[in-house]
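Since the structure comes first, as structure tokens, the remarks are kept for the end.
The model shown is predicted, which means the values in this text are computed figures rather than measured ones.
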Amino acid sequence: MKKDLLDCLKRNLKELSIHELMKKCNLSYESIEFVIDALYQLELEGKVIGNKNGFYMAIPQDYYLKFGEVKISSKKNYYISLNHGMIILLSEYKNIKAGDMVYVDTIRSQVNKKQYIGKVIRKVERWNYNPKQILCGATLQKDFDKNLYYIKFNNQRIPIFLNNLNGAFVGDDITVQITLNDNNSYGKVINIVKRLHSEHVFEYKKTCSSIYSWSPVDQPGVYFDIVVRPTEAFQEGDTIVAKVGENNTAKYVKRIVFQNDIDRMIQSLSYNYDFPLSFSNKAKKELERLPNSVTERDLQDRVDLRDLDTVTIDSNRAKDLDDAVSIQRKGNHWILYVHIADVSHYVKMGTKLFEEAGHRGTSVYLVDYVIPMLPKRLSNDLCSLNPNEDKLTLTCEMVINDGGGVNDYKIYRSIIRSNKRMTYNAVNQFYDGNLNEEYVPYAKMLYDMNLLSSILQKHKLERGYIGFETSELEFDMNSLGNVEDINYREKGQAQLMIENFMLIANETIASYAYYLQVPFAFRNHESLGIEQLGKMKSNLKKLSHRIEKIRNLSNPKVMQKLLLSLFEGRSKEEIVYLSNMMLTCMNRAYYSHINIGHYGLALEQYATFTSPIRRFPDLMNHIILNEIIDGNIDQLETYRALYEEMCIHATERQIAAEQYEKEIDAYVLNHYLDTYNNAELIGKIIFIIDNVVGIELHGKFHSTVTVAKKHIDKYKIGDLIKIMINQVDKDSNEIKISIIDEDNKIYKKERTL
């Protein structure tokens with residue numbers, strides 16, 4: 001065993017924890033005592049060196065530390081002797097005794113050339129093994145839904161509490177001491193091995209001892225000592241950027257100047273989530289060299305579709321219009337054109353613009369502010385499919401039958417000229433019968449599109465599409481950047497129509513790439529595993545909706561049938577609540593160069609190519625499609641390893657963006673509701689599921705409160721009830737409320753005839 005351990009340490013040429021060493025040597029935990037003894041013997045022989053945290057390293061040749069046995073001279077001096085009669089006097093010998101084996105750092109004595117002065121760096125000791133404590137290397141992660149820091153160990157999550165982070169941030173490589181208990185194992189950060197990001201944002205706050213210190217904006221209650229210039233003066237609430245070292249030293253970089261509190265949070269968290277607010281000078285110079293408009297040279301090898309009626313349909317606020325649609329009816333078939341901005345024409349692989357877009361991975365949408373994946377000149381101008389402007393696109397032209405199936409398709413480079421920039425709200429009003437004069441010339445197109453959308457919707461439901469009803473907050477901001485109103489973003493026919501068109505285009509593109517077996521960024525979604533299935537059964541059991549007898553939930557149609565039975569007869573608010581509950585049991589979709597299919601969409605292949613302005617995987621897929629169009633299929637194999645790495649990174653960046661958006665939304669919502677905190681309000685009961693009561697506030701906000709089962713029969717849908725807003729959960733954006741006066745709960749009883 002000694003030889004195997006030593007050989008492993010020599011091969012790695014770095015410190016390894018006992019856990020890592022055992023893993024590399026394929027040793028079980030039952031042998032840990034033998035491993036500790038073997039390492040102790042190797043260190044006594046001067047072949048390895050350990051530390052108090054249980055990390056060991058093989059001694060390289062010409063190691064700067066000297067090794068030897070402690071001796072005591074007749075004059076009571078502690079020393080070790082080396083070859084050729086050299087002596088090292090120990091300057092410090094606390095807790096050292098004769099016979100100890102030590103490693104010392106030395107300097108040459110000014111008195112005797114054969115004598116050195118040494119400081120003991122390490123006394124050889126057998127590592128004090130606690131069977132309930134294990135040291136390991138890991139990467140700090142965070143469950144944003146539960147606001148919990150953790151590491152992965154043996155396929156399990158080991159939580160790390162805020163006071164045990166020891167200065168670590170999400171993504172840092174750390175050494176963790178795990179305390180193993182039957183029910184509540186937990187970890188403690190021992191040291192930081194490598195920082196993911198060096199710069200973080202800190203706020204000047206008053207500590208519990210009433211002194212002021214610097215706290216990371218996303219770790220309240222944690223404090224750092226930061227050296228600032230003597231000329232700098234700070235007040236409570238001031239925010240700075242500081243560079244943090246691996247030993248938790250922090251150096252002041254700059255002060256953050258902000259327009260308002262929301263702007264302050266956006267800037268602060270942009271560092272933590274690593275979404276830079278500006279682009280490098282090199283990227284800006286590349287941007288300057290791009291043409292201002294489409295040139296004659298750009299038209300080569302493109303299909304001219306400028307005479308085809310084409311529209312964009314987006315939200316009122318959208319400025320990065322990356323998709324446009326056209327439609328034609330030919331007998332019993334439809335021809336659907338989905339035109340996507342040809343970003344890859346401007347952003348070439350290997351450029352700084354491409355590199356920085358890849359680093360971001362996605363655009364981030366924060367209240368009314370966007371951190372774009374590409375500079376605004378590209379996202380809002382050159383690539384945006386603005387009306388009455390010639391634009392370069394990739395078109396997926398599909399022949400669709402009346403059953404919603406794709407009979408034939410073409411993918412080619414094109415040039416379009418959008419006739420009209422439409423909005424979801426206006427199109428929804430058009431379908432509701434409120435005719436907008438500007439849309440009248442496009443009435444037949446809109447009716448045809450809506451009919452095709454209904455066909456596609458039916459087709460995807462028939463194959464087992466799993467649909468969840470969710471709600472998103474939408475903030476109305478004034479010119480000063482403050483919130484004036486908040487509503488739930490509604491999904492109407494127009495949103496569903498564009499969603500269906502983009503979905504079938506993405507599905508078609510994915511099938512094409514999969515058939516050719518080329519490198520591609522697929523969007524995968526796995527079916528439920530044992531853990532998710534157990535959680536789902538537990539949730540449904542609370543609702544008296546048992547599924548013990550249901551088999552084959554890996555089949556989307558079975559899951560779809562379950563959800564339909566669960567949602568049947570429910571109000572919209574109930575369906576949203578139940579959808580959110582069920583979504584917590586589902587796996588997260590992710591990008592991969594290997595296709596495994598998409599469970600939620602009930603598709604064998606799925607990928608995205610419809611948003612290259614704001615999603616990097618879509619831009620990656622455009623690169624492959626352009627190579628195929630140019631006939632370079634045989635050369636594409638060289639992309640495979642690169643796509644594997646980029647897909648992993650793209651998934652990580654998507655998760656970071658989602659949490660960034662959640663944190664800002666929760667912050668804004670908290671501030672908006674701050675005037676209502678701890679105030680008595682009247683809420684209306686809109687649903688009751690088991691012992692969960694859904695309450696509507698001010699006719700717009702929805703929340704839930706759990707009531708003791710012995711009281712639940714006293715509540716009825718429609719009752720008005722006194723409640724108090726307690727807080728907003730920053731991870732879920734859920735407004736947490738409590739009922740006032742348990743004995744007199746009903747403020748106004750809903751009467752029924």
Side-chain angles (χ1 to χ4, degrees), residues 53 132-153 156-181 183-226 236-250 264-265 268-274 655-656 658-667 670 726-734 736:
N53 292 325
K132 290 191 174 182
Q133 288 187 337
I134 294 174
L135 281 173
C136 70
T139 299
L140 184 64
Q141 300 183 57
K142 186 177 181 181
D143 185 327
F144 293 112
D145 292 329
K146 298 179 180 177
N147 197 25
L148 175 71
Y149 293 91
Y150 70 94
I151 63 165
K152 285 187 177 179
F153 176 76
Q156 290 185 331
R157 284 187 174 188
I158 304 297
I160 300 178
F161 304 118
L162 201 62
N163 59 340
N164 286 334
L165 288 177
N166 194 21
F169 292 90
V170 174
D172 290 350
D173 292 335
I174 54 178
T175 304
V176 180
Q177 176 181 284
I178 301 173
T179 299
L180 299 173
N181 291 320
N183 298 320
N184 56 347
S185 298
Y186 62 91
K188 179 180 181 181
V189 178
I190 301 299
N191 70 305
I192 290 93
V193 178
K194 184 180 179 182
R195 296 277 187 193
L196 176 63
H197 308 304
S198 60
E199 291 187 346
H200 291 273
V201 179
F202 298 83
E203 183 180 354
Y204 203 48
K205 285 185 174 182
K206 184 184 288 187
T207 68
C208 56
S209 55
S210 296
I211 61 174
Y212 288 92
S213 190
W214 295 101
S215 176
V217 292
D218 61 340
Q219 294 181 5
V222 176
Y223 297 95
F224 281 70
D225 291 325
I226 299 178
E236 185 173 9
D238 284 353
T239 309
I240 65 168
V241 178
K243 192 170 185 177
V244 183
E246 291 173 5
N247 59 354
N248 286 347
T249 57
R264 168 180 164 275
M265 285 301 294
S268 299
L269 293 178
S270 72
Y271 286 88
N272 287 22
Y273 290 107
D274 197 21
I655 295 171
E658 288 174 2
Q659 179 54 24
Y660 190 1
E661 291 165 357
K662 277 185 177 181
E663 287 218 41
I664 295 299
D665 283 354
Y667 180 82
N670 259 313
N726 303 116
Q727 67 178 91
V728 176
D729 188 309
K730 75 172 186 177
D731 294 307
S732 64
N733 288 341
E734 180 185 354
K736 295 194 173 181

Output yes when a side-chain donor or acceptor of [X] lies under 3.5 Å from a complementary backbone atom of [Y], and no otherwise.
{"X": "Ser215", "Y": "Val222", "value": "yes"}
{"X": "Ser213", "Y": "Asp225", "value": "no"}
{"X": "Asp172", "Y": "Leu140", "value": "no"}
{"X": "Gln219", "Y": "Ala168", "value": "yes"}
{"X": "Asn164", "Y": "Phe161", "value": "no"}
{"X": "Tyr660", "Y": "Ser270", "value": "yes"}

List the atom of [X], the atom of [Y], and the distance in Å for their closest heavy-atom pair.
{"X": "Ser268", "Y": "Thr239", "answer": "OG-CG2, 3.5 Å"}
{"X": "Leu180", "Y": "Ser185", "answer": "CA-OG, 3.5 Å"}
{"X": "Leu148", "Y": "Pro159", "answer": "CD1-CB, 3.9 Å"}
{"X": "Tyr150", "Y": "Lys142", "answer": "CE2-C, 3.6 Å"}
{"X": "Gly167", "Y": "Ile192", "answer": "C-CD1, 4.2 Å"}

List the steps and the verdict of side chain to side chain contact (heavy atoms under 4.5 Å, CB included) for Arg157 and Gln141.
-> CA-CA 10 Å; Arg157 284 187 174 188; Gln141 300 183 57; over 6 Å; no
How long is the span from the [atom1] atom in [X] to the [atom2] atom in [Y], to the nearest 0.5 Å?
{"X": "Tyr271", "Y": "His200", "atom1": "OH", "atom2": "NE2", "result": "12.0 Å"}
{"X": "Leu269", "Y": "Asp274", "atom1": "CG", "atom2": "CG", "result": "12.5 Å"}
{"X": "Ile226", "Y": "Lys243", "atom1": "CD1", "atom2": "NZ", "result": "14.0 Å"}
{"X": "Thr139", "Y": "Ile174", "atom1": "OG1", "atom2": "CD1", "result": "7.5 Å"}
{"X": "Ile664", "Y": "Lys662", "atom1": "CD1", "atom2": "NZ", "result": "14.0 Å"}
{"X": "Asp173", "Y": "Ile151", "atom1": "CG", "atom2": "CD1", "result": "11.5 Å"}

Are the aromatic ring centres of Tyr204 and Trp214 under 6.0 angstrom apart?
-> yes
